Structure formats: C-alpha cells, structure tokens
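Comments concern the structure below.
One-based numbering along the sequence shown. It should be emphasised that the depicted structure is a prediction, and the values quoted were computed from it without experimental measurement.
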Amino acid sequence: MKYFIKKIQLNESETWEMSGFTDGKINSIEAYYNELREYKHPEQKLNIPFEQRGNLFTAFISITEIAKLSLADQETTWKFKINGEYPYNNLSTDGPIMNKPLQLKNSLYQYQFEFPEGVLTLISKPMEIFSTLENFSMDEDTIAGRVKLEPSLKNGLFQAKLIFKRRPNASFYLFHEQTQEFDLGLINDNKVDFSISIKDLSTNFLVDTTNVIDVLIDISTLEIKKSIPIYLSINPDMKSSIQKEVDTPTPLFTTLKSYVTGSNRLSFYFKKNFQGLVSLTKLSQNSDSIILHFKSENFFDKSKLVAKRRDKKANTFEYNTEQVWPLKKGISKYAVNIDKKEFLTGPVNKADTIWDFYIRSSNMPDLPVLASRTIDFSASDYFDIANKQFKAKLTRNGLNNLSCYTIVAPKIKSDTTRIAVMGTCFSRNVFNSSPYFNPDYKAFFECSFTQFHSSIISVMTEQFTEINLNKYNDMTTNERTTVEEDWKKEFFNNLRNSNSDYFLIDLYPDVIRPVIWINNKIAITLSYVVEQSQLLNDISWERISDHIDNEAFFEEWKYYADQFIEKLTEIIPANRVILNLGGFTTSYYDEKGKVVNYKNKMGIEKNNYFWDRLNNYFLSKLPEAKVIDFSKKNYIGDFNYPFGHSFSHFESSYYKDFLKELIYITKS
C-alpha cells in the first residue's frame with residue numbers, strides 16, 4: 001500500500017491539515033515516537049483524525065496535542081503510521097513539499113516537517129534559552145537575585161521556577177537526586193527576580209557531610225505545564241561577588257556556601273559542621289567491658305551512644321545499620337559502659353567493616369565523637385564479639401573521630417551445595433563450564449534454579465498473559481524464555497521446589513532497567529530483550545518506573561523489596577542468602593590487550609552509586625545475608641568476553657575468583 005502526503009498547511013485553529021492520496025483503505029493514523037533517555041522507551045502514540053474520500057485523504061494534526069506529548073527538554077521526532085501493523089506503513093512523500101519552521105507566540109517549541117528518505121517526520125524542538133545571573137546576594141536569612149533570559153519572551157505568557165537539585169556525588173554533575181522547587185511567577189521584560197528564605201531549604205539535601213546543590217531555572221507556558229530547565233550562568237565580572245558562606249539558621253550546625261562551577265554556573269555546598277562538638281575524654285577496657293566518657297558544650301536530652309555501620313556508596317558511604325546504648329549523665333560528663341558480649345551483636349557485622357560512633361539526643365542532630373590525640377588507642381586490640389564469629393577493635397578514623405573495625409575469619413569445610421540464582425550474568429555466568437568462566441564449577445555447585453533479568457518489583461506483582469510471545473521472531477529461544485519467566489510470576493514456587501541450599505542474588509535489573517506497569521497490579525521488567533524487540537511497542541501500559549528519577553524509583557522499590565525479603569526468607573534462611581554487590585566497570589581490555597575506557601564514564605559511575613544504595617537497603621533489611629564484594633578488586637571488561645564486551649561483563653579472573661569466594665562462603 002502507498003500513502004503519500006502532497007500538501008501541508010496550517011489553519012486558524014492551530015491545526016495542520018495534511019492532504020494526500022492512497023491506493024488502499026485507511027483505518028487509523030497514529031503519530032508516534034520512541035524516547036531515548038537512559039533506555040529506549042515504548043512508543044508514545046497519538047491518534048490522528050482523518051477523512052478519506054476514495055483515493056484522497058486529509059489528516060488533522062493539533063499543535064496543542066503534539067505539544068502536550070512531546071518531550072519537554074529535548075528534540076522529539078514524530079512519525080506517522082497507518083493502521084499500526086508492524087512493520088509499519090509510514091506516511092511519506094514522493095516529492096518535495098514546501099513548509100516553514102513554525103513557532104507560536106505562546107510556545108517554547110519550534111516545529112518543522114522533514115522528509116528523511118521520503119518519510120513524513122515532524123520535529124518538535126525546544127527553544128534554546130540562556131539565563132544569566134544579573135545580581136546575587138546571600139546572607140544568613142535569604143538568597144536573592146535577578147535572572148535575565150535570552151532570547152526575548154512575550155510578557156505575561158511564561159512563568160518560571162527556581163529549582164535546587166542535589167547531585168548524588170560531587171563529580172556526577174549531569175545527574176541529580178533530591179530536588180526542591182520555588183515558584184517565581186510570570187516573566188516580564190525577560191527578567192525574573194527571586195528571594196528564597198534559607199530556612200525553607202529542604203533538610204532532605206543534607207544526605208552526606210558535604211552536598212553539592214545545582215541551581216536551575218525552569219521556564220514553562222501558562223497553558224502547557226512542561227518546562228525547559230536552564231542552568232544559571234555567571235558572567236566573568238560577577239564571579240567575585242558570588243562566593244559567600246553563611247551559617248544556616250536551621251538545621252543546627254550547617255552552613256551554605258555559594259560558588260561558581262567550572263562551567264560558570266551557580267551552585268551551593270550545603271554542609272554539616274558537626275566536627276568537634278562532642279569529644280571522647282576517656283577510654284578504658286577490660287576483658288568484659290568498654291567504658292567511654294564524653295564531654296560537650298551542648299546539653300543533650302535523652303542522650304544515646306550510636307554505632308553506625310559504613311556501607312559503601314560510590315566513593316563515599318552511608319549508614320543503614322546501627323546499635324544504640326543509653327548514656328548516663330554525670331555532673332559535667334556523659335558515660336557509657338558496654339558489655340562486650342552485647343557489643344555489635346546480632347546479624348549486623350560484615351568482614352572488614354568500619355563502625356562510626358555518634359551521640360544522639362532529642363534536641364540535636366547526631367554528632368560524631370572526636371577522639372583527640374590525648375586518647376591512647378595503642379593498647380586497644382581486637383576482641384571477640386557476636387559469639388566469636390567476628391572480632392572488633394576501637395580506633396581513631398581519618399577524621400579523628402571514634403570508630404571501630406570488625407573482621408571475620410571463618411573456617412572452611414567440605415560439602416556439596418545446591419544454589420539458586422536470581423540476577424544476571426554478574427552472578428549466573430559463574431556457573432558456566434566454558435573455559436572463560438569455570439569449567440569445574442559442577443564439582444562444587446549445582447545451579448538448581450535461575451530467575452534471569454527480573455526486577456524485584458516485577459516478581460512481586462501478578463501474572464501477565466495478554467501477549468503471545470511466540471509470534472516475535474526477533475528473540476532467540478533463550479531470550480523468549482527470559483521474558484516468559486518474568487511474566488509468569490512463579491519465582492517463589494520455583495525457588496521452593498528447587499530445594500536450594502543457598503540463594504544468590506544481584507540487583508542489576510533493579511539498578512538499571514525500568515519496570516512497565518500494565519495496570520496497578522501487574523508490572524513487568526523492561527529488560528534488554530524487551531527493549532530490542534518489537535514487543536516493546538506492542539505492550540499496552542499505564543506508567544513506567546525508571547531511573548530518570550532514581551529517588552522516585554528507590555521509594556517505590558523499597559516497598560516491594562520489603563515484601564520480597566519477607567517472602568524469600570520463608571523459603572531460604574536469611575543466613576543462606578548471598579548478595580552479589582556487583583558494580584559496573586568503566587574500562588576494558590581491547591583486542592590488543594590495551595586498557596580502554598568506556599564512553600559515558602560518569603553515567604556508569606552514577607549507576608554504581610545507585611547500585612550501592614540498593615545493596616545497602618537490601619542488607620539493612622536482611623543483615624544476616626552473606627556478601628560478595630569485589631569493589632576493591634578492580635576487575636575490568638574484556639574484548640574477548642564470549643558474549644560481547646560491555647560495562648557489565650568482566651575479565652575471566654572475575655568469574656574464577658567469584659567461584660572461590662562462593663566456595664569460601666558456603667563451606668564455612
């Protein structure tokens with residue numbers, strides 16, 4: 001069938017009329033595009049009204065409807081399919097069609113029809129807007145300034161918001177987590193003023209000791225609430241007036257510092273200044289107890305000593321697990337006597353772990369305990385804890401605060417092991433008998449059950465049966481099985497029937513893959529198999545949970561992770577669960593054996609950061625779980641990887657050392 005457009009014109013109701021001819025009947029016309037952001041999204045679709053008279057037809061495209069569905073902050077490429085059967089029949093042209101770029105006075109977007117290879121294509125492109133900070137001031141109460149925008153925007157038709165966005169890590173300047181918006185109102189004379197009360201800044205930004213917050217201005221129309229985000233640029237002559245630092249009125253002991261980034265943009269450091277507010281004045285130990293004395297200039301109400309376990313988070317750490325002891329208040333000091341038999345008890349320890357000590361009270365933030373140089377740790381040696389499964393040692397950390405190291409030295413014993421795996425090639429390819437992996441793994445393990453490339457969210461929802469996968473010949477048999485197992489939702493039955501001794505899991509699918517919600521009860525994993533198949537565009541869905549907003553994904557994921565862990569431990573004892581901490585590599589050996597960096601290193605590191613967060617939460621809910629942590633081993637990828645090198649595929653030694661670690665864990 002042929003479907004040719006001959007003419008395009010814009011009518012007074014801001015609708016394009018496209019007239020053309022066809023040699024067949026038209027049942028439907030859809031505009032569609034696939035967003036490529038983090039992953040290939042399912043098609044965004046829009047039904048296009050049309051009229052047909054014999055071989056002639058006219059289609060009507062509403063600019064307003066296109067604007068509502070187009071991407072807000074990047075170019076959108078719309079195409080037009082007839083009747084929707086794959087492979088598509090697209091509207092096309094058999095000759096040149098005259099049309100001009102269009103931008104309405106109340107729009108932030110320009111529209112242009114193009115004809116690559118004769119296919120009718122509508123490009124929606126956001127305006128290129130520049131913002132410049134004209135003046136700036138900051139004191140202990142207020143952040144204020146004026147922003148100038150270019151090019152000119154018509155008065156009264158556009159509005160602005162000031163957006164504060166926290167980077168997950170100072171080096172991840174392209175990515176953000178916590179955000180806060182401040183409405184600035186209408187834009188007039190291409191300028192907008194702002195005045196933000198510092199006490200209104202969200203305490204959610206205070207995640208780490210030092211937090212980098214970038215500032216953007218969002219521009220949107222009054223009619224369509226889609227915004228174009230723009231960084232606030234700083235002119236060279238303004239730089240000297242930007243850098244300021246103030247003590248914030250709330251929360252206590254924090255400072256806010258404004259500065260100019262290397263890209264000449266406005267950002268802030270939001271810092272906790274807790275160091276030295278509490279000091280350790282005396283440390284003594286005997287065979288049974290640890291006695292600690294503290295002093296502070298501040299009054300503590302209902303005070304406690306808290307030991308917090310460090311959990312790696314990219315090149316920093318976070319706390320998810322803790323143990324608490326009440327403090328006794330004396331005339332001028334606070335003290336605690338800890339029974340070593342109760343010190344760090346329960347399933348909270350890991351090998352080679354650091355615990356940091358804090359004073360907690362109802363009227364203060366948690367404050368680290370300064371261990372000054374007058375405190376002698378030389379006599380402090382490792383002592384047994386947790387029924388002699390671990391050893392602990394009090395010490396002074398790099399910030400001169402009180403910390404504790406824990407170590408473990410399990411013994412090896414010989415037996416055979418059935419192991420179930422949920423995850424990806426990070427874990428499953430350990431049980432591959434080809435030379436690159438582990439030819440002798442069957443001497444130690446039987447891989448009793450595998451759930452491959454399934455998100456925890458998907459596993460915890462209901463079965464999906466609406467699509468026949470057999471009609472998709474763009475999948476291999478193994479790939480089709482991967483999708484089928486994800487859709488069947490039989491994970492827990494399969495695990496129970498496998499009679500596995502251990503359960504090995506990695507969280508790769510949760511770290512990097514989106515989840516498609518068919519409805520509020522059914523979710524499926526948008527795995528690489530689905531993404532590369534026409535199946536992606538044939539699924540009817542309500543929403544997608546993805547990693548464009550990791551904070552929102554994390555909040556939803558935690559809910560299902562809690563349920564998953566509860567159900568999992570009804571089948572597998574908690575201390576028989578093994579979490580592979582995983583992590584992506586930023587480099588690989590090329591075909592000549594030279595170390596080469598993967599592109600988008602920052603994106604890879606951002607994914608590793610989020611992986612750490614998921615791991616940390618999982619272990620906070622299942623502290624008895626065993627852990628395989630190769631983050632300090634520096635394994636990289638290899639061009640010769642049997643299934644193609646990528647940042648999730650490692651050199652051969654990773655899989656061989658992984659097997660040794662599994663033997664070590666399961667035989668101890």
Side-chain angles (χ1 to χ4, degrees), residues 131-149 159-167 170 173 176-220 227 229-261 263-278 296-301 361-368 551:
S131 68
T132 305
L133 198 62
E134 282 200 327
N135 58 60
F136 177 80
S137 64
M138 186 171 78
D139 56 32
E140 62 271 13
D141 298 316
T142 306
I143 305 167
R146 170 171 289 178
V147 180
K148 180 181 179 182
L149 302 169
Q159 58 191 353
K161 292 181 179 180
L162 201 66
I163 312 293
F164 287 72
K165 294 188 173 186
R166 177 189 168 273
R167 301 182 197 175
Y173 55 85
H176 297 92
E177 289 184 342
Q178 293 79 12
T179 65
Q180 187 176 14
E181 299 181 354
F182 296 91
D183 288 319
L184 302 183
L186 293 176
I187 299 170
N188 289 303
D189 298 325
N190 262 42
K191 295 180 180 179
V192 60
D193 295 326
F194 63 88
S195 180
I196 308 299
S197 174
I198 289 179
K199 68 180 181 181
D200 291 337
L201 275 182
S202 174
T203 56
N204 291 334
F205 289 133
L206 289 167
V207 177
D208 299 320
T209 300
T210 299
N211 305 276
V212 177
I213 302 174
D214 294 320
V215 186
L216 298 87
I217 188 166
D218 266 21
I219 311 299
S220 63
S227 59
I230 312 152
Y231 284 97
L232 291 185
S233 297
I234 312 295
N235 286 329
D237 57 355
M238 280 278 295
K239 280 189 176 182
S240 60
S241 63
I242 297 297
Q243 188 160 318
K244 303 177 185 295
E245 185 169 5
V246 297
D247 293 328
T248 56
T250 181
L252 292 172
F253 314 126
T254 58
T255 59
L256 188 68
K257 180 179 180 181
S258 55
Y259 75 101
V260 180
T261 71
S263 302
N264 291 321
R265 297 168 175 172
L266 177 64
S267 288
F268 292 90
Y269 291 120
F270 201 7
K271 298 187 289 186
K272 302 174 184 177
N273 292 325
F274 298 167
Q275 185 67 9
L277 298 175
V278 179
S296 175
E297 300 299 322
N298 300 284
F299 168 74
F300 295 132
D301 181 43
S361 63
S362 60
N363 61 325
M364 297 278 183
D366 289 359
L367 301 176
E551 277 301 293

Margin query: Could you measure the distance from the CE atom of Met138 to the NZ atom of Lys257? Nearest 0.5 Å is fine.
Written below: 10.0 Å
Note to self: Could you measure the distance from the NZ atom of Lys272 to the CG atom of Leu367? Nearest 0.5 Å is fine.
What the structure shows: 10.5 Å
Item checked: Aromatic plane relationship, His176 with Tyr231 - under 30° parallel, 30 to 60° tilted, over 60° perpendicular -> tilted
Note to self: Between Thr142 and Ile198, is there a side-chain heavy-atom distance shorter than 4.5 Å?
What the structure shows: no
Check: Which heavy atom of Gln180 sits nearest a heavy atom of Ser202, and at what distance?
Finding: OE1-N, 2.8 Å
Next item on the list: Give a yes-or-no answer on whether the side chains of Thr255 and Asn273 include a donor-acceptor pair shorter than 3.5 Å.
Entry: yes
Margin query: Nearest 0.5 angstrom please: Ile213 CD1 to Arg167 CZ, how far?
Written below: 10.5 Å
Check: In terms of side-chain geometry, is the basic nitrogen of Glu245 or Lys271 positioned less than 4.0 Å from the acidic oxygen of its partner?
Finding: yes
Notebook entry, point to check: Is there a donor-acceptor contact under 3.5 Å from the side chain of Ser296 to the main chain of Asn298?
Noted result: yes
Check: Thinking salt bridges, do Asp193 and Arg146 make one under a 4.0 Å N-O criterion?
Finding: yes
Notebook entry, point to check: Hey, what do you get for CZ (Phe268) to CZ (Phe205), rounding to the nearest 0.5 Å?
Noted result: 10.5 Å
Notebook entry, point to check: Hey, does Asn235 have a side-chain heavy atom less than 4.5 Å from the side chain of Thr132?
Noted result: yes
Next item on the list: Run the numbers on Ile234 and Ile242 for side chain to side chain contact (heavy atoms under 4.5 Å, CB included), then give the verdict.
Entry: CA-CA 9 Å; Ile234 312 295; Ile242 297 297; 3.9 Å; yes
Check: Is the count of non-hydrogen atoms from other residues, nucleotides or ligands lying under 6.0 Å from Lys244 atom NZ greater than 12?
Finding: yes
Next item on the list: May I ask you to decide whether Arg265 forms a salt bridge with Asp214, counting only side-chain N to carboxylate O separations under 4.0 Å?
Entry: no
Note to self: With rounding to the nearest 0.5 angstrom, report the OG to CZ distance, Ser258 to Phe270.
What the structure shows: 13.0 Å
Check: Is Arg166 salt-bridged to Asp208, cutoff N-O under 4.0 Å?
Finding: yes
Check: Pick from Asn211, Leu206, Asn204: which one makes a side chain to side chain contact (heavy atoms under 4.5 Å, CB included) with Gln178?
Finding: Asn204
Checklist line | Residues Ser361 and Asp301: side-chain donor-acceptor under 3.5 angstrom | finding: no
Notebook entry, point to check: Ignoring hydrogens and geometry, is there a side-chain-to-backbone donor-acceptor pair from Glu140 to Val246 under 3.5 Å?
Noted result: no
Notebook entry, point to check: After noting the C-alpha distance and the side-chain angles of Leu216 and Leu232, does the key distance pass the side chain to side chain contact (heavy atoms under 4.5 Å, CB included) rule?
Noted result: CA-CA 6 Å; Leu216 298 87; Leu232 291 185; over 6 Å; no
Item checked: Separation between CG of Leu266 and CG of Leu162, rounded to the nearest 0.5 Å -> 8.5 Å
Check: What are the two closest heavy atoms between Phe274 and Pro368, and how far apart are they?
Finding: CB-CD, 3.5 Å
Check: Given side chains that start at C-beta, do those of Met364 and Phe253 come closer than 4.5 Å, heavy atoms only?
Finding: yes
Next item on the list: Output yes when a side-chain donor or acceptor of Asp189 lies under 3.5 Å from a complementary backbone atom of Lys191, and no otherwise.
Entry: no
Notebook entry, point to check: Do Thr179 side-chain atoms and Phe164 backbone N/O form a donor-acceptor pair below 3.5 Å?
Noted result: no
Item checked: is_close_aromatic(Tyr269, Tyr259), centroid dist under 6.0 Å -> yes
